[in-house]
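A short worksheet on the structure shown next.
Labels below follow one simple rule: chain letters A, B, ... track the order of the sequence lines, proteins then strands, and each chain is numbered from 1.
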There are 2 protein chains.
Amino acid sequence: MADHAAKAALYDALAESAKALANGRRAELVDVLAQGERSVEELAAEIDQTLANTSQHLQRLLRSGLVQSRREGTRIYYSLASEVVGDLWRTMRRAAQEHVSGLEQLAADYLGDRSKLRTITRDVLRSRLRDGDVVVLDVRPEAEYAAGHIRGAISIPIHDLRSRLGDIPDGAEVVAYCRGPFCVFADEAVRMLSRKGISAARLEDGFPEWNQAHLPVARS
Amino acid sequence: MADHAAKAALYDALAESAKALANGRRAELVDVLAQGERSVEELAAEIDQTLANTSQHLQRLLRSGLVQSRREGTRIYYSLASEVVGDLWRTMRRAAQEHVSGLEQLAADYLGDRSKLRTITRDVLRSRLRDGDVVVLDVRPEAEYAAGHIRGAISIPIHDLRSRLGDIPDGAEVVAYCRGPFCVFADEAVRMLSRKGISAARLEDGFPEWNQAHLPVARS
DNA sequence: GCAATATTCAATGATTCACTTGAATAAAAC
DNA sequence: GTTTTATTCAAGTGAATCATTGAATATTGC
């Protein structure tokens with residue numbers, strides 16, 4: 001007959017991967033890292049935390065095995081350890097969306113009213129891409145676009161969008177996307193473009209989900 | 001520009017589903033509940049904990065929304081809130097298997113040496129089932145078999161196996177399965193059958209994975 | 001109504017966690 | 001070799017978590 005203590009220890013270890021994600025700041029870190037590797041300093045800015053605190057969260061993730069790090073000169077870059085970690089984050093997000101009460105309200109508080117925001121699904125965008133009657137706009141930071149983007153997309157980081165509206169081809173409809181369903185960049189882009197009289201919609205989720213669905217991507 | 005506090009609150013809420021699973025005892029509970037609904041008393045016995053402690057963990061899961069409960073007379077039955085929760089548990093387990101260091105050793109400590117244990121995959125079992133040259137043996141408790149099992153499987157709970165060896169048809173090879181990859185029941189069954197000279201192997205994972213893959217199942 | 005059973009509640013102490021602050025490293029630039 | 005920059009370490013504080021204990025509650029059967 002098997003030992004109770006050994007069973008407990010095994011399930012404790014299985015729960016380690018959940019513990020790693022069981023914190024809002026670490027969830028934010030994983031969400032950003034799902035776009036590609038980043039330095040500690042950049043990550044601290046992304047999650048609005050001190051360097052020391054961010055470093056400690058990253059080391060917790062490192063100890064859990066879900067992320068890895070490499071040194072390049074004076075900087076240390078962190079990245080997800082594998083595809084499975086992205087799967088875990090997305091599944092966790094989906095479970096929270098379906099079951100955590102109050103989440104819709106919190107999303108609305110952060111993202112604002114999305115009811116007037118036109119969104120399209122991956123499948124629709126895919127067929128529109130084949131028809132060629134759409135401009136796909138990646139509004140994430142340059143580095144994330146460089147690490148991987150929807151094939152055919154043009155890059156205009158959200159902070160440059162106002163001054164680079166001229167870069168968007170005339171006539172075609174724009175589909176903006178960013179990091180995922182809870183990323184504000186694409187929302188802001190669609191609102192700005194609509195105000196300027198440009199027809200725009202947002203992709204319902206972001207690049208990691210597109211990539212995970214094995215749809216056409218490009219790099220650099 | 002979006003508010004930092006609102007973003008933090010949103011990601012805190014997303015992390016709630018991870019927090020719910022971020023404990024070895026709750027992971028065990030979800031693993032058992034993935035087989036079907038159970039009463040508090042039964043669950044406490046499964047995870048070798050006091051009633052009070054088990055009840056508190058179940059209420060934590062309830063608050064997270066990942067499980068639901070219903071009263072029947074004096075008993076309260078808990079069950080997973082949806083398929084997504086099973087997905088979350090399996091994805092988490094996979095992430096831990098790939099990335100949590102020391103997990104293999106802990107599994108070996110609990111399960112013993114599996115190297116001499118023949119295992120077969122879902123796909124292989126599926127085609128062997130079509131050929132009809134295999135006896136599929138469900139060694140979970142009766143209630144779990146009743147809640148759902150591999151179509152064509154016979155039920156002999158592991159604790160009854162020794163006295164019911166006669167129920168196993170002669171000649172055919174046996175494939176035993178139970179709750180999942182870290183469940184000991186099927187291991188014990190295969191070892192016992194092998195000692196008795198009956199050719200036996202274990203399915204590499206359990207009923208929830210079979211069901212999730214939309215392979216043929218039956219109820220009652 | 002009263003006793004029995006299943007579950008939950010409430011209070012406790014030990015442990016871990018999240019964040020802050022200020023000091024310590026380690027590589028690169030001068 | 002000293003300074004600069006990016007990251008980590010170490011110590012401290014308040015809050016949350018976990019298992020334990022014993023009491024409280026709700027439903028059933030009498």
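- Residues forming a salt bridge (Lys or Arg N to Asp or Glu O under 4.0 Å) with A:Arg70 (at least two apart in sequence, or on another chain): A:Glu37, A:Glu72.
- The side-chain contact (heavy atoms from CB on, under 4.5 Å) search around A:Glu142 returns A:Ser155, A:Pro157, A:Arg164, not counting sequence neighbours.
- In this structure, the CD atom of B:Glu72 is 13 Å from the C1' atom of D:dT27, given to the nearest Å.
- Residue A:Leu51 is in base contact, counting any heavy-atom pair closer than 4.0 Å across all strands shown.
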Taking only nitrogen or oxygen atoms into account, show me every contact under 3.5 Å that the protein makes with nucleotides 3-5 of chain D, one pair per line with its distance.
none

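- With respect to the salt-bridge test (charged N to carboxylate O, under 4.0 angstrom), the residues A:Arg25 and A:Glu28 qualify.
- With hydrogens and angles ignored, the 3.5 Å screen pairs a side-chain donor or acceptor of A:Arg71 with a backbone N or O of A:Gly73.
- Applying the side-chain contact (heavy atoms from CB on, under 4.5 Å) criterion to B:Ala22, with sequence neighbours excluded, gives A:Ala18, A:Lys19, A:Ala22.
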For side-chain contact (heavy atoms from CB on, under 4.5 Å), just list the numbers for B:Leu111 and B:Arg114, CA-CA rounded to whole Å, side-chain angles, deciding distance to a tenth of an Å, and then say yes or no.
CA-CA 7 Å; B:Leu111 298 163; B:Arg114 274 180 158 179; 3.5 Å; yes
Pairing annotation in dot-bracket form, given for DNA chain C with Watson-Crick or G-U pairs under 3.5 Å and | for cross-strand partners
||||||||||||||||||||||||||||||
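- For residues 54-63 of chain A, no pair satisfies salt bridge (charged side-chain N to carboxylate O under 4.0 Å, His left out), with sequence neighbours left out.
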Pairwise N/O distances under 3.5 Å, protein to nucleotides 15-19 of chain D:
| residue | atom | partner | partner atom | Å |
| --- | --- | --- | --- | --- |
| D:dT17 | OP1 | B:Arg60 | NH2 | 2.9 |
| D:dC18 | OP1 | B:Asn23 | ND2 | 3.0 |
| D:dC18 | OP1 | B:Arg26 | NH2 | 3.4 |
| D:dC18 | OP2 | B:Arg26 | NH1 | 3.1 |
| D:dA19 | OP2 | B:Asn53 | ND2 | 3.3 |
| D:dA19 | OP2 | B:His57 | NE2 | 2.5 |
| D:dA19 | O5' | B:Asn53 | ND2 | 3.4 |

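- Considering A:Glu204, A:Arg122, A:Arg140, A:Arg202 in turn, A:Arg140 is the only one that fulfils the side chain to side chain contact (heavy atoms under 4.5 Å, CB included) rule with A:Tyr177.
- In summary, contact between chain B and DNA chain C, defined as any nucleotide atom under 4.0 Å from a heavy atom of the protein, begins and ends at C:dT5 to C:dA10 in the 5' to 3' direction.
- Across all strands shown, B:Tyr77 has no heavy atoms under 4.0 Å from either base or sugar-phosphate atoms.
- Here ring-ring contact (aromatic ring centres under 6.0 Å, His included) pairs that include residues 9-66 of chain B, with residues two or more places apart or in two chains, number zero.
- Applying the salt bridge (charged side-chain N to carboxylate O under 4.0 Å, His left out) test to pairs two or more places apart or on separate chains, those with a residue in residues 144-154 of chain B are B:Arg38-B:Glu144, B:Glu144-B:Arg179.
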What side-chain donor-acceptor pairs closer than 3.5 Å can you find for residues 75-83 of chain A, not counting sequence neighbours?
| residue | atom | partner | partner atom | Å |
| --- | --- | --- | --- | --- |
| A:Ser82 | OG | A:Val84 | N | 3.1 |
| A:Ser82 | OG | B:His99 | NE2 | 2.7 |

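- Applying the side chain to side chain donor-acceptor pair (under 3.5 Å) criterion to A:Glu209, with sequence neighbours excluded, gives A:Arg93.
- Environment of CD in A:Glu104: sparse, with no more than 12 heavy atoms of neighbouring residues, nucleotides or ligands closer than 6.0 Å.
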